[in-house]
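Remember, it's 1-based here, ligands and their atoms both numbered in the order they're listed.
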Amino acid sequence: MSVDIGIIGLAKSGRTTTFNALTGSKADIGGLAPHIGIAKVPEPRLKVLVDLLHPKRVVPAEVRYVDMGASVKDLAKDKVIGGQSLAQLSNVDALINVVRAFTDESIPHIEGSLDVDRDIATIDLELAFSDLAILEKRLEKIELSLKGAKQLERQGLLHEQEMLTRVKAKLENEVPIRELKLTTDEARTIVNYQFLTAKPLLIVVNIGEEQLPQAASLEAELNSHYSRPKCRLIALCSKLEMELAQLDNSAAEGFRAEFGISELGLDRTIKLSYELLGLISFFTIVSAEVKAWSIQNGTSALRAAGKIHSDMERGFIRAEVISYDDLVRCGSLSEARKRGVLRLEGKNYIVQDGDIITFLFNV
Ligand SMILES: Nc1nc2c(ncn2[C@@H]2O[C@H](COP(=O)(O)OP(=O)(O)OP(=O)(O)O)[C@@H](O)[C@H]2O)c(=O)[nH]1
Ligand SMILES: [Mg+2]
């Protein structure tokens, strides 16, 4: 299971450019076909582990980005997003909305003028429309089923009807599902519908090169409105980021210094997406291979093992765990073992960010 992030937005907002920047791809700008690309999750601790352990192979965790091709407005032909596009979007773990802030006379803005707030609201509305359509369909079905339902089934249906009606009222008042306070049971039901406004949202404000000196202040100003539950905003120049992604390391370094970019937009974007998704990293070191994995914060050792291989989950015996800091302090796993710093943990152990884990299992 990789992490999937869908890139959406209005036409000519810079979605494909952002996709290319994030994945180092060279997808055809202006093309309408969906693009799928993979980015390696930047993980500075991985480099330290490599320097320490000299593995033969190092495998970073990955994120998959999907550039939907057509704009959200074009996907939503009959007011709502449907068919294959909806299926594709429903499957992602988080959304990136690329909003145009760059000016370019030769590329007319699709809405006639530049207005970041308006464009953010437009996309929010499109996503809400899609969710409302799904809600309405489900509510109609529940209504029908209630007619012939037996007592037990009836209770479940009434329960769901009550909750979905509540969610619908909120959506109609422009409150996205990601902001609702739900009980664990309710959240579990909601997850099954894969609502678009339930997904964490990262707003990428795509600024022009000439706006770069103001990027930080613009970002802070916009974030004061848009940093809401499971929603964050970042300002970056996708065009420049794309060009940077296509340079080799030393050339990119010079370029970044020239434009005063301290951290790559790609790295920040992935980091923010991870924060939004509540993801943490753990590492495995197996026969000269150091590998990083992403899991939801709060995952048990048993489930973490299952992420690597289902056999590991089925045959789980225990996990040998050391924190990243402890390993760095000891210098090697064998030294850590000698000093008794390695812990043996059971299947219910909650994996911590930076844990280095060896799973013991039998098949
Ligand atoms: N000046 C400037 N142009 C940009 C920037 N980002 C994107 N563009 C240009 O804007 C045009 C549209 O960019 P795309 O990345 O294709 O945008 P899109 O949202 O994928 O567009 P469509 O898929 O065609 O709807 C391209 O000509 C880009 O080169 C930017 O930061 N500055
Ligand atoms: Mg495009």
Carboxylate-amine/guanidinium contact [X] [Y], below 4.0 Å:
X: Glu111; Y: Lys12; value: no
X: Glu186; Y: Arg166; value: yes
X: Glu179; Y: Lys170; value: no
X: Glu209; Y: Lys239; value: no
X: Glu320; Y: Arg337; value: yes

For [atom], what is the nearest protein heavy atom, given as residue, atom name and distance?
atom: atom 24 (O) of ligand 1; answer: Lys12 NZ, 2.6 Å
atom: atom 22 (P) of ligand 1; answer: Arg15 NH2, 3.3 Å
atom: atom 8 (N) of ligand 1; answer: Phe102 CZ, 3.5 Å
atom: atom 26 (C) of ligand 1; answer: Ile29 CG2, 3.7 Å

Winner among Thr103, Asp67, Ile107 once heavy atoms are compared against atom 10 (O) of ligand 1: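 Closest candidate by heavy-atom distance is Ile107.
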
N, O or S atom of Thr16 closer to the Mg ion (ligand 2) than 2.8 Å: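 So Thr16 does bind the Mg ion (ligand 2) by this criterion.
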
For ligand 1, note which part of [X] has a heavy atom under 4.0 Å away: side chain, backbone, both or neither.
X: Asn206; result: side chain
X: Thr17; result: both
X: Thr18; result: neither
X: Asp104; result: side chain

Ligand 1 atoms in contact with Ala11 (distance to a heavy atom under 4.0 Å):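 Reading through ligand 1 atom by atom, the close ones are 25 (O).
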
Closest contact, heavy atoms only, Ser332 versus Leu53: CA-CD2, 4.4 Å

same_hphob_cluster(Val175, Ile123) at 4.5 Å side-chain heavy-atom cutoff: yes

Test item, Gly9 contacting ligand 1 (heavy atom, 4.0 angstrom): no

